[in-house]
Student: 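Below are the structure tokens for one structure; questions will follow.
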Amino acid sequence: MKIIDGKKIANDIKEEIAQEVAAIREAGGKIPHLAAIIVGHDGASETYVGHKEKACNQVGFNSTVFRFEDDVAEDTLLRRVHDLNEDPEIDGFIVQLPMPKHISEQKIIEAIDPKKDVDGFHPINLGRMVIGLPAYISATPAGIMELIKRYNIETLGKDVVVIGRSNIVGKPMSILLGQKANPGNATVTMCHSRTKNLKEVVLRADIVVAALGRAEFLTADMVKEGATVIDVGITRVKSDKTKSGWKLLGDVKFDEVAEKAEYITPVPGGVGPMTIVSLLQNTLKASKGEIYPK
Ligand code: GUN
């Protein structure tokens with residue numbers, strides 16, 4: 001069994017990005033600038049946005065966070081989105097989800113200029129990705145593809161099972177692994193809460209992507225010997241063993257599944273660190289006009 005060390009790969013990539021930013025700075029070019037909009041005081045959202053700011057600092061990007069209270073009007077947020085769309089200093093921005101109930105997340109996402117949508121949530125970016133055009137790919141699937149690439153995990157002709165059909169992870173992951181590309185060219189099955197005989201389906205998989213958001217759902221009896229197991233789950237549970245009082249659990253029962261898997265991602269330290277790095281990579285692409293020429 002080999003552990004896929006997302007933390008190490010993420011640090012390697014951050015180092016590569018930092019070097020590129022240093023060269024841009026030296027040449028007097030524009031420093032990439034990522035902005036984030038956060039609404040309310042959701043603990044997980046605060047943590048994610050904090051991590052994103054820290055990662056920007058580490059690689060030398062500029063970053064700005066716009067904070068709003070829970071009762072902010074949708075119009076106020078839409079105005080901020082329009083301002084960021086028009087601001088030439090901002091290369092890309094994200095709107096941290098979830099939003100409070102009175103705000104339409106879809107309306108906000110669709111108001112983002114696809115050229116600055118470094119989260120890859122806008123239907124234009126999702127649509128372009130589906131038909132194989134250059135697009136911002138949402139950070140978690142992009143990070144998983146990068147791990148598969150850097151660990152030379154063969155996907156061609158392999159049976160892949162993705163568990164979960166979210167717009168952010170399950171759906172894009174299925175498309176990317178089935179695409180005519182390398183990595184890609186896999187035979188993909190997407191499973192969800194209505195899938196019959198889930199265990200039998202997952203047992204056929206050479207590669208399993210667990211992205212359903214249920215702590216320790218995937219057990220050893222569901223996994224084929226020698227499979228690659230990618231764990232996207234991050235459920236926060238109370239713990240009296242950690243300083244923070246919380247610990248993170250993946251969707252995979254790690255200890256028992258690790259005994260059968262050839263490759264496995266841990267939680268924390270697997271997919272999570274890659275998600276943030278992918279956002280940095282997308283921001284760098286935005287600042288260079290790589291996806292949508294300026
Ligand atoms: N909420 C949970 N994950 C994400 C993410 O990747 N981007 C945004 N904007 N919100 C999230």
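When a ligand or atom number is given, it counts from 1 through the structure's own listing order.
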Student: Determine, for R79 against D83, whether the closest basic-nitrogen to carboxylate-oxygen distance falls under 4.0 angstrom.
Tutor: no
Student: Decide, yes or no, whether a salt bridge links K294 with D91 under the criterion of side-chain N to carboxylate O below 4.0 Å.
Tutor: yes
Student: Which protein heavy atom lies closest to atom 1 (N) of ligand 1, and at what distance to 0.1 Å?
Tutor: L97 O, 2.9 Å
Student: Hey, is ligand 1 close enough to V95 that some N/O pair sits below 3.5 Å?
Tutor: yes
Student: Number the atoms of ligand 1 from 1 as they appear, then name those within less than 4.0 Å of a heavy atom of F121, with their elements.
Tutor: 5 (C), 7 (N), 8 (C), 9 (N)
Student: Taking distance alone, with N or O pairs closer than 3.5 Å, would you say Q96 contacts ligand 1?
Tutor: yes
Student: Cut-off 3.5 Å, side chains only: do D42 and Y48 have a donor facing an acceptor?
Tutor: no
Student: Is the shortest distance from a Lys or Arg side-chain nitrogen in E86 or K116 to a carboxylate oxygen in the other one below 4.0 Å?
Tutor: no
Student: From the options L279, T275, I234, D119, select the one whose nearest heavy atom is closest to atom 9 (N) of ligand 1.
Tutor: D119
Student: Should we say atom CD of E200 is surrounded by more than 12 heavy atoms from elsewhere, each under 6.0 Å from it?
Tutor: yes
